[in-house]
A.B. asks: 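Pasting in a structure now, in structure tokens, and then I'll have a few things to ask.
Keep in mind that this is a model prediction, so the values were computed, not measured. Every chain is numbered from 1, with letters handed out A, B, ... down the list of sequences.
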Number of protein chains: 2
Amino acid sequence: MEQRPNPYAANCPTRLVLDRLADKWAVLLLGLLASGPQRFNQLRREVEGLSQKMLSQTLKGLQRDGLIERTVFATAPITVEYALTPLGRTLISPIEALRLWAESHIGEVVAAQAAYDDAGPAVPVMPMKVQNVGAGSPAAR
Amino acid sequence: MEQRPNPYAANCPTRLVLDRLADKWAVLLLGLLASGPQRFNQLRREVEGLSQKMLSQTLKGLQRDGLIERTVFATAPITVEYALTPLGRTLISPIEALRLWAESHIGEVVAAQAAYDDAGPAVPVMPMKVQNVGAGSPAAR
DNA sequence: CGGCATCCAGATGGATACTG
DNA sequence: CAGTATCCATCTGGATGCCG
């Protein structure tokens, strides 16, 4: 069997967890819940661009992973609260680190993107007249 | 204008960076490059399940963000090396933190998933006979 | 070796409507 | 309020083939 000592194998547990965290909504929601329990539509309003479907789906996934907890209150119009579990709370530290990095380096990233996009479109050195020579497919189709 | 003080707005720069990091291949590649420069097909072989297309695409994205650097060597069969930039190197710390979390808590996550999947299918407390009562739409659709 | 272009199946996710 | 379900457009990403 191709047992490799490398942690980048598909079967590596780290990969599995990383895949889950590779979900922008999940990370954002965990960050929000770090400051206290929140209700469904409360979260929905807070995270701009998050559809009801994705919210529901993401919350279910996080709950399945044991990172958040769902509590139902039998109030008049039913109330549901989502909160971090003890396990989920251990994740806020790494996530905060990520957010801090993003906040302090966003400028450099944007600058790099601008430089890349500027040099990208045209040929870097010696443009030469690139007329529409080459694969001249007239009837573009 | 609906200017909100909340960092969860779509226009928030943090969101933009988080979105980029919300890419499992990107995180894995950064982790690999943390231990030194690597060549294209070398990375391809190391990350199981990563197709050529995604590798190329992800590397280009990381390069655009100024996190990695692409160097071409005019050797016989051309050689290309990818390495972290100084900016990229500042990211390995938060990423390592994430990986450490994953490695130390994977067990709890898997256990939570198993518990969830076990309790999910059936009704948790007091199953009661849930015959096919309810919205009985005979001619389904 | 290190890519890019094309094709296309399947996953993603928004909009909408309806339930408890 | 807190969802679930369906429809459907779009995007993702793998497979393949070709080029420098």
A.B. asks: Would a hydrophobic clustering, with Ile, Leu, Val, Met, Phe, Trp and Tyr connected at side-chain separations under 4.5 Å, put B:Leu16 with A:Val27?
C.D. replies: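 B:Leu16 and A:Val27: separate clusters.
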A.B. asks: Is a donor-acceptor contact shorter than 3.5 angstrom present between the side chain of B:Gln52 and the base of C:dC4?
C.D. replies: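 A donor-acceptor contact between them is present.
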A.B. asks: Tell me whether the OP1 or OP2 atom of C:dG2 has a side-chain N or O from B:Arg39 closer than 4.0 Å.
C.D. replies: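 Yes, such a contact exists.
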A.B. asks: In whole angstroms, how far is the P atom of D:dC19 from the CD1 atom of B:Ile78?
C.D. replies: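 Spelled out: CD1 on B:Ile78 to P on D:dC19 is 17 Å.
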A.B. asks: With a 4.5 Å cut-off on side-chain heavy atoms, are B:Arg99 and A:Leu18 touching?
C.D. replies: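 Heavy-atom side-chain distance check fails, nothing below 4.5 Å.
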A.B. asks: Compute the angle between the rotation axes at the two ends of the helix from C:dC1-D:dG20 to C:dG20-D:dC1, each taken over five pairs, rounded to 10 degrees.
C.D. replies: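 The end-segment axes of the helix from C:dC1-D:dG20 to C:dG20-D:dC1 are tilted 50° relative to each other.
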A.B. asks: Check whether any side-chain nitrogen or oxygen of B:Tyr82 sits under 4.0 Å from OP1 or OP2 of C:dG3, and answer yes or no.
C.D. replies: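 Checking B:Tyr82 against C:dG3: at least one side-chain N or O falls below 4.0 Å of OP1 or OP2.
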A.B. asks: Given atom CG of A:Leu50 and atom P of C:dG14, what is their separation to the nearest angstrom?
C.D. replies: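 Going from CG in A:Leu50 over to P in C:dG14 covers 8 Å.
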A.B. asks: Side-chain N or O of A:Arg70 less than 4.0 angstrom from OP1 or OP2 on D:dA2?
C.D. replies: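 No, outside the criterion.
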A.B. asks: Determine whether B:Glu81 and B:Gln38 make a side-chain contact, defined as any pair of heavy atoms from C-beta on separated by less than 4.5 Å.
C.D. replies: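 Sidechains of B:Gln38 and B:Glu81: no contact.
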A.B. asks: In whole angstrom, give the distance that lies between atom NZ of A:Lys53 and atom P of D:dC8.
C.D. replies: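 Nearest whole value for this atom pair: 13 Å.
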A.B. asks: Same cluster or not: A:Trp25 versus A:Leu55, using hydrophobic residues (I, L, V, M, F, W, Y) connected whenever any side-chain heavy atoms lie under 4.5 Å apart?
C.D. replies: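 In one cluster with A:Trp25: A:Leu55, yes.
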A.B. asks: So if I apply the side-chain contact (heavy atoms from CB on, under 4.5 Å) rule between A:Ile68 and each of A:Leu62, A:Thr58, A:Leu87, which one comes out positive?
C.D. replies: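 The residue from A:Leu62, A:Thr58, A:Leu87 that satisfies side-chain contact (heavy atoms from CB on, under 4.5 Å) with A:Ile68 turns out to be A:Leu62.
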A.B. asks: Quick one: is B:Arg45 getting a side-chain N or O under 4.0 Å of the C:dG2 phosphate, OP1 or OP2?
C.D. replies: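 No, no such contact exists.
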A.B. asks: Whole angstrom is fine here: how far is it from CD in B:Gln57 over to P in C:dC4?
C.D. replies: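 Rounded to whole Å, this separation is 10 Å.
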A.B. asks: Can a side chain N or O of B:Ser56 be found less than 4.0 Å away from OP1 or OP2 on C:dC4?
C.D. replies: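 Looking at the OP1 and OP2 atoms of C:dC4, one of them is under 4.0 Å from a side-chain N or O of B:Ser56.
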A.B. asks: For D:dT4, take OP1 and OP2 only and decide whether either is under 4.0 Å from a side-chain N or O of A:Lys60.
C.D. replies: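 For A:Lys60, the contact criterion (side-chain N or O under 4.0 Å from OP1 or OP2 of D:dT4) is met.
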A.B. asks: In this structure, how many angstroms lie between the P atom of D:dA2 and the CZ atom of A:Phe73, rounded?
C.D. replies: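 Rounded to whole Å, this separation is 11 Å.
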A.B. asks: Are B:Leu43 and B:Ile78 linked, directly or through other ILVMFWY residues, by side chains that come within less than 4.5 angstrom of each other?
C.D. replies: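 Yes, B:Leu43 connects to B:Ile78 through the hydrophobic network.
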A.B. asks: Whole Å only: how far is the CG atom of B:Asp23 from the C1' atom of D:dG13?
C.D. replies: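 About 12 Å, once rounded to whole Å.
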A.B. asks: Counting side-chain heavy atoms from C-beta on, which of C:dG2, D:dA2, C:dG14 comes nearest to B:Phe40?
C.D. replies: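 Comparing C:dG2, D:dA2, C:dG14 against the side chain of B:Phe40, the answer is C:dG2.
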A.B. asks: Nearest to the B:Ser51 side chain among D:dC1, C:dG2, D:dG14, which nucleotide is it?
C.D. replies: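 So the side chain of B:Ser51 is nearest to D:dG14.
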A.B. asks: In this structure, how many angstroms lie between the C1' atom of D:dC1 and the CD atom of A:Glu81, rounded?
C.D. replies: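 Whole-Å distance recorded here is 14 Å.
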A.B. asks: So if you build clusters from Ile, Leu, Val, Met, Phe, Trp, Tyr with side-chain heavy-atom gaps below 4.5 Å, do B:Leu84 and B:Val72 land together?
C.D. replies: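 Per the 4.5 Å side-chain linkage, B:Leu84 and B:Val72 are co-clustered.
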A.B. asks: Given atom CD of B:Gln38 and atom P of C:dG3, what is their separation to the nearest angstrom?
C.D. replies: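 The distance from CD of B:Gln38 to P of C:dG3 comes to 14 Å, rounded to the nearest Å.
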A.B. asks: When you match A:Trp25 and B:Val80 each to their closest nucleotide on DNA chain C, which lands nearer the 5' end?
C.D. replies: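 The residue closer to the strand's 5' end, by nearest nucleotide, is B:Val80.
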A.B. asks: Check the pair A:Thr79, A:Arg39 against side chain to side chain contact (heavy atoms under 4.5 Å, CB included), reporting the backbone distance first and the verdict last.
C.D. replies: CA-CA 7 Å; A:Thr79 299; A:Arg39 289 182 304 109; 3.3 Å; yes
